[in-house]
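Structure, as structure tokens:
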Amino acid sequence: MPEGHSIHRLARQFTDVFGGQRVRVSSPQGRFTAGAALLDGREVVGASAHGKQLFVHFGPDGAHHLRVHLGLYGAFDFGGDEHFAGASSIGAPRRIGEREVAGCTPDDGEPAYAGPPPPVGAVRMRMVSDHGWADLRGASACEVLSTEEMRAVRAKLGPDPLAADALVPGAAGRADPEDAAPSSSAGEFARRLGATRTMIGTVLMDQARVAGVGNIYRAEALFRGGIDPWLSANRLAPEQVDALWCDLVALLRAGVRDGRIVTTDEADRPDPASAIWPEQAHYVYQRAGQRCRRCPQTVAVTEVSGRKLYWCPGCQG
DNA sequence: TCTGGATGTCAAC
DNA sequence: TTGACCTCCAGAC
């Protein structure tokens, strides 16, 4: 699934292209018919993300919120006129690599926008404005919530490294020791890690402890921190927790900026001149059996809770 | 044409 | 811990 960075990009895209507009909402597949009827004809106020959860907020009373979780297979496709700048597809990779599919503009020779094409495949939800459209396929969740219900969903989630306050100075005792102001995000991360003996490799995938991290960021952040995935979360040193949080913030922010997950530092890419995607983008993820980029060891893989965990026994021992 | 796999989550056992 | 959910694509046959 797209990890947290993709959902934040989606929220931005929804706000940019649907914000302030009255939209038509339908469910060509038929599995979201009742929800679509609740939203059809309403104005999109904006969109937000918390971890891997996308919320699209509707007016005029602000009491209707569309919640979408893409799950493992979900993806959005966008299309429209010049107001629809940005990615035209965000979500599951569909075997085309993690990178999103860039949108076309009229300058590319595309015909002028004349409404959405007939739905292809299982389109769970279609949203259409005067300028373009969005199709949702394969999501694990697509529902309409009241404000209270939305707050309840968010309350169950851990801190998001992409939250606005993620790097408040002094938040985790790092940036400025003189600043004792508690951080609602970094401090919460440290508190939730310190409260469990569960292995850190499992904790990072638990959305109630940290929201937005998935299998790639889990493996890559632990490698970059030199952290043994089997170490109990509450055994991590405070400076390790602090560094891990800061690295997650940096990695996910880069993912939002670039629209893809690249975790390797330039010095660790054997051929910096070549395109780094996909061969050089990761340290350990999907590199089982290959030599570590930083030591002579071979990258290992083990199944943990049904998901593949990649790590380097040399760097993370 | 069939099968396996994928950046996820939840309920049942 | 396991299986269901659910969609698409690449590779095997």
Side-chain angles (χ1 to χ4, degrees), chain A residues 1-11 27-32 49-54 67-77 87-101 119-126 134-143 145 152-154 156-158 160-162 198-199 201-224 229 248 251-256 258-264 277-278 281-289 301-311:
Chain A
M1 134 159 205
E3 302 194 18
H5 70 296
S6 291
I7 312 308
H8 282 258
R9 284 175 65 84
L10 268 176
S27 179
Q29 179 199 44
R31 293 189 55 197
F32 184 59
H50 188 151
K52 301 171 189 173
Q53 307 273 347
L54 172 71
R67 179 181 81 93
V68 173
H69 193 299
L70 294 179
L72 195 52
Y73 328 110
F76 271 104
D77 293 312
S88 68
S89 179
I90 300 178
R94 308 298 184 214
R95 288 277 184 267
I96 55 174
E98 195 276 339
R99 189 168 201 171
E100 294 160 7
V101 178
V120 176
V123 177
R124 180 83 56 86
M125 184 203 70
R126 165 168 280 187
D135 279 354
L136 171 65
R137 291 181 174 79
S140 68
C142 177
E143 60 180 354
L145 301 179
V153 169
R154 298 182 87 129
K156 292 178 185 169
L157 298 170
D160 185 342
L162 290 171
T198 304
M199 58 183 270
T202 296
V203 169
L204 286 187
M205 295 283 280
D206 181 353
Q207 301 300 298
R209 293 202 168 94
V210 54
V213 176
N215 209 19
I216 299 179
Y217 283 125
R218 180 254 302 255
E220 296 294 305
L222 289 175
F223 174 87
R224 289 166 57 93
L248 286 171
L251 289 175
L252 269 84
R253 283 184 177 178
V256 171
D258 302 335
R260 61 182 183 178
I261 301 176
V262 177
T263 57
T264 46
W277 174 259
H282 307 137
Y283 284 107
V284 290
Y285 179 74
Q286 285 196 334
R287 294 194 67 243
V301 61
T302 306
E303 198 141 310
V304 177
S305 305
R307 308 302 302 281
K308 284 182 176 173
L309 167 63
Y310 299 86
W311 87 105

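These numbers were taken from a predicted model, which means no experiment stands behind them. Letters A, B, ... mirror the listed sequences (proteins, then strands); counts begin at 1.
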What nucleic acid atoms does K308(A) come within less than 4.0 Å of, heavy atoms only: base, sugar-phosphate, or nothing?
sugar-phosphate
Tell me: CZ of R209(A) to C1' of dG8(B), nearest whole Å?
17 Å
Only counting residues at least two apart or in another chain, list the ones meeting side chain to side chain contact (heavy atoms under 4.5 Å, CB included) with A122(A).
Q29(A)
Taking CD from Q286(A) and C1' from dA10(C), how many angstroms apart are they, rounded to a whole number?
13 Å
Whole-angstrom distance between dC9(C) and dT9(B), as gauged at atom P
23 Å
The single option from R154(A), H50(A), H8(A) passing side chain to side chain donor-acceptor pair (under 3.5 Å) against D160(A)
H8(A)
In short, salt bridge (charged side-chain N to carboxylate O under 4.0 Å, His left out) pairs touching residues 206-219 of chain A with sequence neighbours left out are D206(A)-R209(A)
Euclidean distance for P, dC6(C) against dT1(B) (whole angstrom)
24 Å
How many Å lie between CE on M205(A) and P on dT9(B), as a whole number?
7 Å
Polar atom pairs (N or O), protein with nucleotides 3-6 of chain C, under 3.5 Å:
residue: dC6(C); atom: OP1; partner: R31(A); partner atom: NH1; Å: 3.0
residue: dC6(C); atom: OP1; partner: R31(A); partner atom: NH2; Å: 2.4
residue: dC6(C); atom: O5'; partner: R31(A); partner atom: NH1; Å: 3.3
residue: dC6(C); atom: O2; partner: Y73(A); partner atom: OH; Å: 2.6

Roughly, in whole Å, what's the span from CD in E143(A) to C1' in dC10(B)?
13 Å
What's the gap between dC8(C) and dC10(B) when it is taken at their P atoms, as a whole Å value?
23 Å
Just to be sure I understand the rule, does E220(A) reach a base, reach only the sugar-phosphate, or reach nothing, if contact means heavy atoms closer than 4.0 Å?
nothing
Is Y285(A) touching bases, backbone alone, or none of the nucleic acid, heavy atoms closer than 4.0 Å?
sugar-phosphate
Using whole Å, what does the distance between atom P of nucleotide dG8(B) and atom CD of E3(A) come to?
5 Å
Who passes side chain to side chain contact (heavy atoms under 4.5 Å, CB included) against A152(A), sequence neighbours left out?
none
Write down the atom of Y310(A), the atom of V284(A), and the distance for their closest heavy-atom approach.
CB-O, 3.3 Å
Any residue meeting side chain to side chain contact (heavy atoms under 4.5 Å, CB included) with E143(A), in chain and number order, not counting sequence neighbours
R67(A), L145(A)
Any side-chain N or O of H69(A) less than 4.0 Å from the OP1 or OP2 oxygen of dT9(B)?
yes
Grab the CG-P distance between D77(A) and dC9(C) for me, whole Å please.
10 Å
With sequence neighbours excluded, what pairs up with S140(A) under the side chain to side chain contact (heavy atoms under 4.5 Å, CB included) test?
H69(A)
R67(A) CZ - dT9(B) P separation (whole Å)
11 Å
Spacing of Q207(A) atom CD relative to dG8(B) atom P, expressed in whole Å:
8 Å
